[in-house]
Amino acid sequence: MAAALLANALYSTGFVLEKRALGTLPQVSVRQPLRLLRLVLGSPLWIGGSLSLAAGFAAQLAVYRTLPIAAAQGIFVSGLVLLVLLSARLLGEETTGRERYALGAILAALLMVVLSLDEGSDTVSRDAPYALVLTICLPSLALGVWLYRSAERRARHRHRLPTTGVEYGVAVGLLYGVSSLAIKGVSSRLTVGGVGDAVVAVLRSPYPYLLLFTGAFGLVMSQAALQRCRASLIVPVCTTVTSLFTAVLGTLSFGESLPDDPLRLALRLSGTVLAVGVLLSMPKHDAPPSAPRPPAPAKELTPP
């Protein structure tokens with residue numbers, strides 16, 4: 001639990017620092033990945049944010065060794081509250097009333113998932129069939145890249161309302177969902193024998209190669225999206241997709257059984273459906289800025 005809360009703080013801090021750094025850089029694009037990397041690596045603030053995210057990754061490894069996947073995701077998403085607070089304080093971002101209600105509903109949905117957990121009956125799985133993992137991950141990666149490219153094409157249309165980042169968040173969330181499953185797989189391989197045996201077991205699995213792909217593509221895609229969209233919206237959407245993907249498909253692929261108790265099962269399924277429904281109903285575009293009012297004409301003075 002302590003490692004999960006620490007991961008929350010590190011991830012939220014890292015995203016906010018990266019967003020603040022990106023605000024001072026020239027516009028970046030996924031079409032110029034080398035230029036993007038050169039720009040961000042030249043920013044000390046961005047490097048600090050990336051180090052914070054890397055530390056969150058290390059904390060996440062410890063979490064997956066001690067908590068069931070669904071429980072870990074429920075705790076990770078609670079960090080959205082901290083992210084929204086930091087975004088408002090450090091970035092000056094404001095969420096609309098509809099978005100605040102949506103974020104509250106997402107937290108309620110994931111609280112339902114957490115309440116469905118039973119420490120006595122829930123088990124932490126250590127392995128998953130590689131064929132099943134690849135069957136889940138490869139189409140998800142392709143779908144994430146396709147969604148991102150589609151969002152990019154639509155955003156380039158003239159006279160289009162500015163996007164809120166929901167589409168970008170879903171696309172990057174799918175990549176990070178695959179990354180989360182790979183982290184779970186690496187953590188399970190680290191329990192094999194000594195250090196040498198563990199390293200060999202990791203290298204023989206598909207998990208490090210999935211991490212390399214999602215790390216490279218996720219870095220470029222997330223930074224370009226984060227620069228043009230509000231962190232207080234795109235990161236919660238990305239986190240929700242990642243958490244639902246990992247909780248549902250990770251639970252199935254790693255063989256962590258669903259609750260036997262009808263009430264706990266209903267809480268887990270209802271929470272998942274609610275979170276997906278809220279995600280689909282979130283606004284896709286920001287409202288256009290209101291035009292400034294013209295100054296009132298000066299009154300003519302007439303002689304008495």
Side-chain angles (χ1 to χ4, degrees), residues 1-64 72-73 75-95 103 148 165 168-169 171-173 175-180 182-183 186-187 208 211-243 246:
M1 181 73 73
L5 295 175
L6 177 61
N8 279 346
L10 291 169
Y11 279 135
S12 297
T13 302
F15 278 121
V16 169
L17 290 177
E18 286 188 349
K19 171 65 176 179
R20 190 158 188 174
L22 288 166
T24 64
L25 298 177
Q27 185 174 3
V28 297
S29 171
V30 294
R31 294 186 170 189
Q32 298 174 308
L34 295 179
R35 176 177 177 270
L36 184 152
L37 291 175
R38 178 174 57 81
L39 288 173
V40 297
L41 291 176
S43 169
L45 187 60
W46 186 91
I47 291 176
S50 64
L51 291 176
S52 181
L53 292 176
F57 168 83
Q60 195 175 2
L61 279 175
V63 173
Y64 280 141
Q73 297 311 307
I75 299 171
F76 288 148
V77 175
S78 66
L80 294 179
V81 176
L82 176 60
L83 174 74
V84 172
L85 292 175
L86 289 175
S87 298
R89 182 70 175 175
L90 300 178
L91 303 176
E93 296 182 352
E94 295 183 2
T95 54
L103 292 177
Y148 194 96
Y168 291 114
V172 178
L175 263 70
Y176 285 167
V178 172
S179 178
S180 189
I183 294 172
V186 169
S187 70
L211 282 175
L212 285 174
F213 182 91
T214 56
F217 278 78
L219 173 64
V220 174
M221 291 164 59
S222 63
Q223 298 310 303
L226 194 60
Q227 187 183 58
R228 67 189 63 168
C229 305
R230 285 178 286 136
S232 56
L233 189 64
I234 188 173
V235 176
V237 171
C238 175
T239 303
T240 301
V241 173
T242 299
S243 296
T246 309

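No hydrogens, no waters, no symmetry mates; every other heavy atom, side chains included, goes into these values.
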Quick check for you: to the nearest 0.5 Å, what is the distance between [X] atom [atom1] and [Y] atom [atom2]?
X: F15; Y: L22; atom1: CZ; atom2: CG; result: 11.5 Å
X: M221; Y: L175; atom1: CE; atom2: CG; result: 5.0 Å
X: S52; Y: I47; atom1: OG; atom2: CD1; result: 13.5 Å
X: L25; Y: R20; atom1: CG; atom2: CZ; result: 13.5 Å

For residues [X] and [Y], report the shortest heavy-atom separation together with the two atoms involved.
X: S179; Y: L211; result: OG-CD2, 3.4 Å
X: A21; Y: T24; result: O-OG1, 2.7 Å
X: Q227; Y: V28; result: OE1-N, 2.8 Å
X: P26; Y: L39; result: CD-CD2, 4.2 Å
X: S222; Y: G218; result: OG-O, 2.6 Å
X: T242; Y: T246; result: O-OG1, 2.7 Å

Which pairs, with at least one residue in residues 212-241 and sequence neighbours excluded, count as a ring-ring contact (aromatic ring centres under 6.0 Å, His included)?
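Every pair satisfying ring-ring contact (aromatic ring centres under 6.0 Å, His included) with a residue in residues 212-241: F213-F217.
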If the condition is side-chain contact (heavy atoms from CB on, under 4.5 Å), which residues does A3 pass it with, not counting sequence neighbours?
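A3 satisfies side-chain contact (heavy atoms from CB on, under 4.5 Å) with A62, V63 only.
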In sequence, state the C-alpha distance, the side-chain angles, and the governing distance for V237 and I234, and then conclude on side-chain contact (heavy atoms from CB on, under 4.5 Å).
CA-CA 5 Å; V237 171; I234 188 173; 5.8 Å; no
Run the side-chain contact (heavy atoms from CB on, under 4.5 Å) check on V235 and K19 step by step: do they pass?
CA-CA 10 Å; V235 176; K19 171 65 176 179; over 6 Å; no
N/O donor-acceptor pair under 3.5 Å between S180 side chain and G177 backbone:
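No; judged by distance alone, with no hydrogens or angles, the pair does not exist.
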Would L17 and W46 count as a side-chain contact (heavy atoms from CB on, under 4.5 Å) if you check the C-alpha gap in whole Å, the side-chain angles of each, and the deciding distance to 0.1 Å?
CA-CA 6 Å; L17 290 177; W46 186 91; over 6 Å; no
